Amino acid sequence: MEDLHPGAALPRDLFNADAVLVARRLVGTWLQVGPTGGIVVETEAYRQDDQASHSFRGETARNRAMFGPPAHAYVYRSYGLHWCFNIVCLRGSAVLVRALMPVLGVDIMRDRRGLEDIRRLCSGPGKLCAALGIDPGLDRQPIDRPPILVAEGLADVETVAGPRIGITRDVDRAWRFGLAESRFLSRAFR
DNA sequence: GCCTCGATTTTCT
DNA sequence: GAAAATCGAGGCC
């Protein structure tokens, strides 16, 4: 494996754009929360004109962050149990970060997850939040100020695309993006 | 490896 | 009342 470390922080303007473009762009970037972090290997885009998105029916108490400024976090509870971490893009849209290649603070992440297997530490949106210590305290926080950092990561990235996971509407949009050949995905791309 | 199931909050019907 | 942007455990092959 390469010598991995964060590069320059991504500018906020980058997130003031279509979530589909941002989702593809984020594959291979660095995501850090406090003392833990790694390389983003899987994302999904959700737009307001998209029936699978929480924002489709307008603003609610839960999805308020999606209607706030770009480059801020949207953290929500999934299936009543797990947390999911998104980055807000154009108004009413966001990118769900689904999987990470653990790099920084791996022992901390193992402790938080109670799991040794590095390939499964962050291989899903709920797992990733547990490993990074993400909770609703980060909802609506900027992603370019501590404890969050999103920065350049891998130099050359080959991405693959496919249908999103776990949704029942607008299922044919290929808005899930992954790092080609990565062993840290939540599921393989076909 | 595959499958089924249950935990539990938010939203919608 | 039921489904949802999920996960882990347990049963089976």
Side-chain angles (χ1 to χ4, degrees), chain A residues 15 18-27 31 33 36 38 40-68 70 72-102 109-140 143 150 159-179 182-190:
Chain A
F15 298 92
D18 182 351
V20 177
L21 300 179
V22 177
R24 189 185 290 112
R25 174 70 173 81
L26 287 182
V27 172
L31 169 63
V33 180
T36 52
V40 174
V41 298
E42 185 180 338
T43 62
E44 285 179 358
Y46 289 89
R47 293 200 320 210
Q48 194 169 7
D49 64 350
D50 159 19
Q51 294 190 54
S53 174
H54 289 170
S55 61
F56 182 70
R57 289 182 182 80
E59 187 172 344
T60 64
R62 177 177 63 166
N63 67 20
R64 187 172 40 170
M66 290 186 79
F67 294 88
H72 285 61
Y74 166 41
V75 179
Y76 71 89
R77 196 189 284 278
S78 171
Y79 291 90
L81 288 160
H82 315 287
W83 302 111
C84 289
F85 176 75
N86 303 248
I87 302 176
V88 178
C89 298
L90 279 179
R91 184 176 170 78
S93 76
V95 173
L96 170 67
V97 181
R98 288 190 53 90
L100 202 72
M101 174 173 70
M109 293 194 271
R110 284 194 167 113
D111 285 348
R112 286 171 173 166
R113 296 268 293 109
L115 180 72
E116 283 297 310
D117 183 2
I118 193 168
R119 289 173 56 164
R120 297 185 192 178
L121 274 189
C122 301
S123 62
K127 302 177 183 181
L128 176 155
C129 284
L132 293 179
I134 291 171
D135 65 26
L138 292 181
D139 189 42
R140 304 175 75 207
I143 53 96
V150 179
T159 60
V160 288
R164 294 172 292 179
I165 293 179
I167 59 169
T168 57
R169 292 181 283 201
D170 277 332
V171 293
D172 292 331
R173 302 187 198 238
W175 285 357
R176 174 180 178 235
F177 301 97
L179 180 64
S182 174
R183 305 183 334 277
F184 299 93
L185 299 171
S186 68
R187 276 173 43 182
F189 285 77
R190 21 179 202 89

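The sequence lines fix the lettering, A, B, ..., with proteins before strands; numbering per chain opens at 1. Quick caveat, the model's predicted, so the values are computed rather than measured.
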[N] [atom2] sits how many Å from [X] [atom1], rounded?
X: A:R57; N: C:dA5; atom1: CZ; atom2: P; answer: 10 Å
X: A:D117; N: C:dC7; atom1: CG; atom2: C1'; answer: 15 Å
X: A:E42; N: C:dA5; atom1: CD; atom2: P; answer: 16 Å
X: A:I134; N: C:dA5; atom1: CD1; atom2: P; answer: 19 Å
X: A:Y76; N: C:dC7; atom1: OH; atom2: C1'; answer: 13 Å

Next on the checklist: Any base atoms under 4.0 Å from A:A61, or only sugar-phosphate, or nothing? Heavy atoms, all strands.
Outcome noted: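 If one applies the 4.0 Å heavy-atom cut-off, A:A61 turns out to touch the sugar-phosphate alone, with no base involved.
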
Checklist entry - What does A:R164 touch in the nucleic acid at a heavy-atom separation under 4.0 angstrom: a base, only the sugar-phosphate, or nothing? => result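 Touches nothing.
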
With sequence neighbours excluded, residues passing side-chain hydrogen bond (donor to acceptor under 3.5 Å, both in side chains) with [X]:
X: A:D172; answer: none
X: A:R25; answer: A:E152
X: A:T43; answer: none
X: A:D139; answer: none

Would you be so kind as to tabulate the donor-acceptor pairs closer than 3.5 Å made by side chains of residues 86-101 of chain A, with sequence neighbours excluded?
| unit_1 | atom_1 | unit_2 | atom_2 | d |
| --- | --- | --- | --- | --- |
| A:N86 | ND2 | A:Y74 | O | 3.1 |
| A:R91 | NH1 | A:F67 | O | 2.6 |
| A:S93 | OG | A:L90 | N | 3.1 |
| A:S93 | OG | A:L90 | O | 2.7 |
| A:R98 | NE | A:E42 | OE2 | 2.7 |
| A:R98 | NH2 | A:S186 | OG | 3.1 |

Checklist outcome for this item: Writing each nucleotide of DNA chain B 5' to 3' as (, ), [, ], | or . by Watson-Crick or G-U pairing under 3.5 Å yields |||||||.||||.

Item to check | Pairwise P distance, B:dC2 and C:dA5 [rounded to whole Å] | outcome: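 That atom pair is separated by 23 Å.
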
Next on the checklist: Considering only residues two or more places apart or on different chains, which pairs with a residue in residues 114-129 of chain A satisfy salt bridge (Lys or Arg N to Asp or Glu O under 4.0 Å)?
Outcome noted: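 Found A:R110-A:E116, A:D117-A:R120.
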
Checklist entry - What parts of residues 165-176 of chain A reach DNA chain B, counting only heavy atoms under 4.0 Å away? => result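 The answer is none.
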
Checklist entry - Nucleotide by nucleotide, 5' to 3', does protein get under 4.0 Å of the base (B), only the sugar-phosphate (S), or neither (-) in nucleotides 8-13 of chain C, counting heavy atoms? => result S-----

Next on the checklist: If you take any heavy atom closer than 4.0 Å to DNA chain C, which residues from residues 77-91 of chain A end up in contact?
Outcome noted: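 Here the set is A:S78, A:Y79, A:H82, A:N86.
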
Checklist entry - Residues in salt bridge (Lys or Arg N to Asp or Glu O under 4.0 Å) with A:D135, at least two apart? => result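 With sequence neighbours excluded, A:D135 shows a salt bridge (Lys or Arg N to Asp or Glu O under 4.0 Å) to no residue whatsoever.
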
Item to check | Check: A:T36 side chain, A:V33 main-chain N or O, donor-acceptor pair, under 3.5 Å | outcome: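 Flag set: sc A:T36 to bb A:V33 pair under 3.5 Å.
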
Item to check | Exam field: side chain A:R113 to backbone A:L121, donor-acceptor pair closer than 3.5 Å | outcome: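 Yes; judged by distance alone, with no hydrogens or angles, the pair exists.
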
Item to check | A:R164 bridged to A:D50 by N-O distance under 4.0 Å | outcome: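 Yes, A:R164 and A:D50 are salt-bridged.
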
Next on the checklist: Quick check: closest heavy atoms across A:G178 and A:L185, and the distance to 0.1 Å?
Outcome noted: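 In terms of heavy atoms, the two residues are closest at CA-CD2, 4.3 Å.
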
Item to check | Nearest heavy atoms of A:R47 and A:A19, plus distance in Å | outcome: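 Shortest heavy-atom contact: CG-CB, 4.3 Å.
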
Checklist entry - How long is the span from the SG atom in A:C84 to the CD1 atom in A:I134, to the nearest 0.5 Å? => result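 Interatomic distance, A:C84 SG to A:I134 CD1, rounded to 0.5 Å: 9.5 Å.
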
Checklist entry - Earliest and latest nucleotide of DNA chain B, 5' to 3', sitting under 4.0 Å from a non-hydrogen atom of chain A? => result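 First-to-last contact on DNA chain B, by the 4.0 Å heavy-atom rule, is B:dA7 to B:dC12.
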
